[in-house]
Amino acid sequence: MISKRSFIGGIGASLSIPLAPWTLAEASRSTGRRLILVELSGANDGLNTLVPFGHDRYYNLRPNIALDRSDLILINDWQGLHGSLSPLLPCWQDGDLAVVQGLGYPGQSRSHFKSIALWESGGDGNRAGRTGWLTDDVLSLNQSDLDVHGISLDGGMGVFAASDGTWISLTSLSQLTELSSSNRTFEFNGTASDNSALGELLSRANSLDTAMSNISAKLAQAKPTVNANIGGGDLGRQMGLALHLIAHNIETPVLKVQISGFDTHEYQNGRHSRKLRDLGQALAGLRRGLKSLAQWDQTLVMTYSEFGRRAEENNSQGTDHGTAAPHFVMGGRVRGGLWGQHPDLDNLQDGDIQYTMDYRSLYERVLSDWFGLQTNRFLSARESALSGLLI
């Protein structure tokens, strides 16, 4: 018999923050679709990612760090993608890559902590939501058909915040062995019938043990061949782990990865180029791997970040915290191209660009058009300009 404090301490390292909504899990099972979230941690500079080279104001705002037309992948007569994203060119040409422009929210916070909390919870500019943006519809969940409801491959669990369930953080395959039921960190021989909180913890701990056992058993089977050569540093490693899980038929509707280092306050160009190179290589490698597994059409990949960077460069040849930015949406059922409106560089507010599309409108499309959840918490943010993005 152990005390409640000892019990909670024992499972703290292995029982991660809660679970996906029943409706989302059901939608994933019925459609066979999954979502891979890619966090660009530190706040990616949108103006040097999707570059308005045809606008003189861009060069006036950034005399030292503006990119020349020759450094870009031209996508129309006045915009181009940063040249380091060249590994994504085949995806763009095949119509599998969309760039959604001007994403932001009202009352933009330039705090890393506050803004990422908003993006991960679907909050407005005043406050974050109480749960992750995917977990707002939590009901009594039947876990029998899923191995786990979501997996973070970078350790971050904020997007999975909820009140119940089985989301896990898994940054390496060795962690799975450490967290499996054969290496359980607690034993409990008493009864929790008189303590509802302890009973809930026991139930969740048992669910975690079951999930770990199921995933371990699948991974112990012969390794399928994955045809992908993934570069991109640590993000590429995470993408390789995602492919490993998918190849072994680990059933989960959501996977989350992260690439850090986008907080480019000084000497931006070299650092930003390397970050985008890693992003492009990792995303391209993920696409090749998913195609080799015949899973590209069942997978949606979406980037997100705290905010963009300031429109005007600073005195250190870098950029400070800003507002809106473009984001990437990829997949075999994505209608590629430019979506939304690029922010007007001649109409700055407090020296920065104004967002042209509420980021929650993209979330609404993912829930309604990808997972088939026509009733979701973001219906009021529905944007007709995104109609047809996901097919």
* Asked: Do NZ/NE/NH1/NH2 and the carboxylate oxygens of Arg110 and Asp352 come within less than 4.0 Å?
  -> yes

* State whether the side chain of Arg57 and the backbone N or O of Asp346 hold a donor-acceptor pair below 3.5 Å, judged by distance alone. => no

* Interatomic distance, Trp92 atom CH2 to Leu81 atom CG [nearest 0.5 angstrom] -> 6.0 Å

* Is it true that a side-chain atom of Gln238 and a backbone atom of Val257 form a donor plus acceptor pair closer than 3.5 Å? -> no

* To do: Give the intermediate values and the outcome of side-chain contact (heavy atoms from CB on, under 4.5 Å) for residues Thr49 and Lys275.
  => CA-CA 11 Å; Thr49 299; Lys275 289 288 105 180; over 6 Å; no

* Asked: What distance do Ser109 atom OG and Phe307 atom CZ have between them, rounded to the nearest 0.5 Å?
  -> 7.0 Å

* Asked: For the residue pair Glu306 and Gln108, what are the closest heavy atoms and their distance?
  -> O-NE2, 4.0 Å

* ring-ring contact (aromatic ring centres under 6.0 Å, His included) evaluation trace for His149 with Phe160 -> CA-CA 9 Å; His149 298 92; Phe160 295 151; over 10 Å; no

* To do: Considering non-hydrogen atoms only, spot the tightest contact between Trp119 and Tyr363 and give its length.
  => O-OH, 2.5 Å

* Asked: Closest heavy-atom contact between Asp358 and Pro106?
  -> OD2-CD, 4.0 Å

* **Close side-chain approach of Ile36 to Lys256, heavy-atom, < 4.5 Å** => no

* **Side chains of Gln79 and Leu338 in contact at under 4.5 Å (non-hydrogen atoms)** => yes

* To do: Check whether any side-chain N or O of Glu313 sits under 3.5 Å from a backbone N or O of Ile65 as a donor-acceptor pair, and report yes or no.
  => yes

* Got Leu97 and Leu88 here, is their nearest side-chain heavy-atom distance under 4.5 Å? -> yes

* Of all the heavy-atom pairs spanning Gly155 and Ser169, show the shortest one and how long it is. => CA-OG, 3.2 Å

* Asked: Going by an N to O cut-off under 4.0 Å, is there a salt bridge joining Arg287 and Asp94?
  -> yes

* Structure fact -> Rounded to the nearest 0.5 Å, the CG atom of Leu134 sits from the CZ atom of Phe371 at a distance of 7.0 Å

* Asked: Is it true that a side-chain atom of Gln101 and a backbone atom of Gly340 form a donor plus acceptor pair closer than 3.5 Å?
  -> yes

* Kindly state each residue pair satisfying ring-ring contact (aromatic ring centres under 6.0 Å, His included) with at least one member in residues 262-299, sequence neighbours excluded. => His82-His272, His265-His321

* **Closest non-hydrogen atom pair between Cys91 and Met330, with its separation** => SG-CE, 3.7 Å

* Structure fact -> To the nearest 0.5 Å, atom CZ of Arg382 lies from atom OG of Ser387 at 7.5 Å

* **Test log, rule side-chain hydrogen bond (donor to acceptor under 3.5 Å, both in side chains), inputs Thr319 and Arg310** => CA-CA 6 Å; Thr319 51; Arg310 299 286 289 184; over 6 Å; no

* To do: Go through the steps to decide whether Met357 and Gln341 satisfy the test side-chain contact (heavy atoms from CB on, under 4.5 Å), and finish with yes or no.
  => CA-CA 8 Å; Met357 184 177 296; Gln341 180 182 352; over 6 Å; no

* Asked: Tracing side-chain links under 4.5 Å among I, L, V, M, F, W and Y, which residues wind up in one group with Leu348?
  -> Leu47, Val51, Phe53, Tyr58, Tyr59, Leu61, Leu67, Leu72, Leu74, Leu345, Ile353

* To do: Compute whether any side-chain donor of one residue and acceptor of the other, for Gln295 and Arg34, lie under 3.5 angstrom apart.
  => yes

* Using atom types as modelled and distance alone, determine if a side-chain donor or acceptor of Asn376 lies under 3.5 Å from a backbone N or O of Leu373. => yes

* According to the side chain to side chain donor-acceptor pair (under 3.5 Å) rule, which pairs have a member within residues 241-250, sequence neighbours left out? -> none

* pair His342-Trp78: side-chain heavy atoms closer than 4.5 Å -> yes

* With a cut-off of 6.0 Å (strictly less than), are more than 12 heavy atoms of other residues, nucleotides or ligands near CG of Asn229? -> no

* Asked: Just by distance, do the side chain of Thr323 and the backbone of Gln354 share a donor-acceptor pair under 3.5 Å?
  -> no

* **Separation between CG of Leu389 and CH2 of Trp339, rounded to the nearest 0.5 Å** => 5.0 Å

* Any sub-3.5 Å donor-acceptor pair from Thr303's side-chain atoms to Phe328's backbone N or O? -> yes

* Test item: Leu300 and Arg33 side chains (from C-beta on) under 4.5 Å apart, heavy atoms -> no

* side-chain contact (heavy atoms from CB on, under 4.5 Å) between Val38 and Tyr304: does it pass, once the steps are laid out? -> CA-CA 6 Å; Val38 183; Tyr304 71 99; over 6 Å; no

* Go through the steps to decide whether Glu312 and Arg62 satisfy the test salt bridge (Lys or Arg N to Asp or Glu O under 4.0 Å), and finish with yes or no. => CA-CA 6 Å; Glu312 188 173 7; Arg62 300 182 166 203; over 6 Å; no

* Does Arg127 offer a backbone N or O that forms a donor-acceptor pair with the side chain of Asp124 under 3.5 Å? -> yes

* Shortest non-hydrogen contact between Val366 and Leu35, atoms and distance -> CG1-CD2, 4.1 Å

* Asked: Counting only N and O atoms by type, is there a donor-acceptor contact under 3.5 Å from the side chain of Ser316 to the main-chain atoms of Glu266?
  -> no

* Mind checking the CG-CG spacing from Asp154 to Leu170? Nearest 0.5 Å is all I need. => 11.0 Å

* Determine, stepwise, if the pair Arg271 / Asp263 fulfils salt bridge (Lys or Arg N to Asp or Glu O under 4.0 Å). => CA-CA 9 Å; Arg271 291 178 55 197; Asp263 200 16; over 6 Å; no

* May I ask you to decide if Ala381's main-chain N or O and Arg360's side chain share a donor-acceptor pair within less than 3.5 Å? => no

